[in-house]
Peer 1: 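This is the structure I have questions about; it appears just below.
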Amino acid sequence: LEDLFGYWRAWALGRNFRFLMLPDALPNRVFNGQEFSRIEDFCCNQGQKDQGPTDVSHMMSLLRLYSVKSKQPIWCCLYLRHVWLQD
């Protein structure tokens, strides 16, 4: 984490990854706008539990433009998956 993004691991651990978002709202919306909608839909539509390892309705991958501590933009692949704990 320190080498890639420039943030100390102890500082970043447990934080929401929003601190990596582009500092300017307009470029953030231009490059990541469609992805914001996809993430919101994915998080709001959790639906039923996973039907097994081949059920892709609860998985999502996307390419996002982020900013490291030095403010240099980098592309990152973000992988999301709904996870349920057993009762």
Side-chain angles (χ1 to χ4, degrees):
L1 183 67
E2 292 151 359
D3 293 338
L4 183 60
F5 295 107
Y7 293 96
W8 292 103
R9 183 180 188 277
W11 181 85
L13 193 62
R15 291 181 186 264
N16 188 306
F17 64 91
R18 288 187 185 127
F19 67 90
L20 294 173
M21 291 173 70
L22 297 176
D24 297 322
L26 182 60
N28 197 31
R29 189 172 316 279
V30 169
F31 288 106
N32 298 322
Q34 291 179 335
E35 304 301 340
F36 290 146
S37 297
R38 290 182 61 208
I39 291 171
E40 184 176 334
D41 289 345
F42 180 81
C43 292
C44 292
N45 298 317
Q46 294 181 20
Q48 308 174 32
K49 289 188 177 181
D50 219 348
Q51 300 301 313
T54 59
D55 183 2
V56 295
S57 66
H58 299 290
M59 294 182 272
M60 171 185 218
S61 61
L62 17 91
L63 190 60
R64 298 283 308 265
L65 188 61
Y66 286 120
S67 177
V68 296
K69 191 171 185 179
S70 67
K71 304 301 181 209
Q72 293 294 319
I74 61 168
W75 289 102
C76 292
C77 182
L78 180 64
Y79 176 76
L80 303 173
R81 181 178 179 150
H82 294 144
V83 177
W84 291 270
L85 302 176
Q86 292 181 341
D87 295 332

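Keep in mind that the numbers below use all heavy atoms, side chains included, and drop hydrogens, waters and symmetry copies.
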Peer 1: Just how far is it from atom CE of M59 to atom OH of Y79, taken to the nearest 0.5 Å?
Peer 2: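 Going from CE on M59 over to OH on Y79, the span is 5.0 Å.
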Peer 1: So which of P73, P23, P27 actually passes side chain to side chain contact (heavy atoms under 4.5 Å, CB included) with S67?
Peer 2: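 Checked P73, P23, P27 against S67; only one passes side chain to side chain contact (heavy atoms under 4.5 Å, CB included): P23.
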Peer 1: With a 4.5 Å limit on heavy-atom distance, are the side chains of W8 and E2 in contact?
Peer 2: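 Yes; the side chains approach each other to less than 4.5 Å.
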Peer 1: State the CG-OH distance between L20 and Y7, to the nearest 0.5 angstrom.
Peer 2: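 So the CG of L20 and the OH of Y7 are separated by 6.0 Å.
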Peer 1: How long is the straight-line distance from CG of L4 back to CD1 of I74, given to the nearest 0.5 Å?
Peer 2: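 Output value for this atom pair is 5.0 Å.
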Peer 1: Using 30° and 60° as the class boundaries, would you call the ring planes of H82 and F42 parallel, tilted or perpendicular?
Peer 2: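 Geometry flag for F42 against H82: parallel rings.
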Peer 1: Measure the CG-CE distance between L65 and M21 for me, rounded to the nearest 0.5 Å.
Peer 2: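 Going from the CG atom of L65 to the CE atom of M21 covers 11.0 Å.
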Peer 1: How many angstroms lie between CG in L62 and CG in N32, if you round to the nearest 0.5 Å?
Peer 2: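 Here the interatomic distance stands at 9.0 Å.
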Peer 1: Measure across E35 and L63 and return the closest heavy-atom pair with its distance rounded to 0.1 Å.
Peer 2: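 Closest pair (atom of E35, atom of L63, distance): CG-O, 3.9 Å.
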Peer 1: Applying the 4.5 Å side-chain criterion to the ILVMFWY set and letting contacts propagate, would F31 and L26 be lumped into a single cluster?
Peer 2: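 No, no single cluster joins them.
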Peer 1: Quick one: does C76's side chain get under 4.5 Å of F17's, heavy atoms only?
Peer 2: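 No. Closest side-chain heavy atoms not under 4.5 Å.
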Peer 1: State, yes or no, whether a side-chain contact exists between W11 and F19 at a heavy-atom distance under 4.5 Å.
Peer 2: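 Yes, their side chains come closer than 4.5 Å.
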Peer 1: First locate atom NZ of K71, then atom CG of D24, and finally report the distance between them rounded to the nearest 0.5 Å.
Peer 2: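 Answer rounded to 0.5 Å: 9.5 Å.
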Peer 1: Go through it in stages, so that I can follow the logic: the residues are D41 and M60, the test is side chain to side chain contact (heavy atoms under 4.5 Å, CB included), and I'd like the CA-CA distance, side-chain angles, deciding distance and then a yes or no.
Peer 2: CA-CA 11 Å; D41 289 345; M60 171 185 218; over 6 Å; no
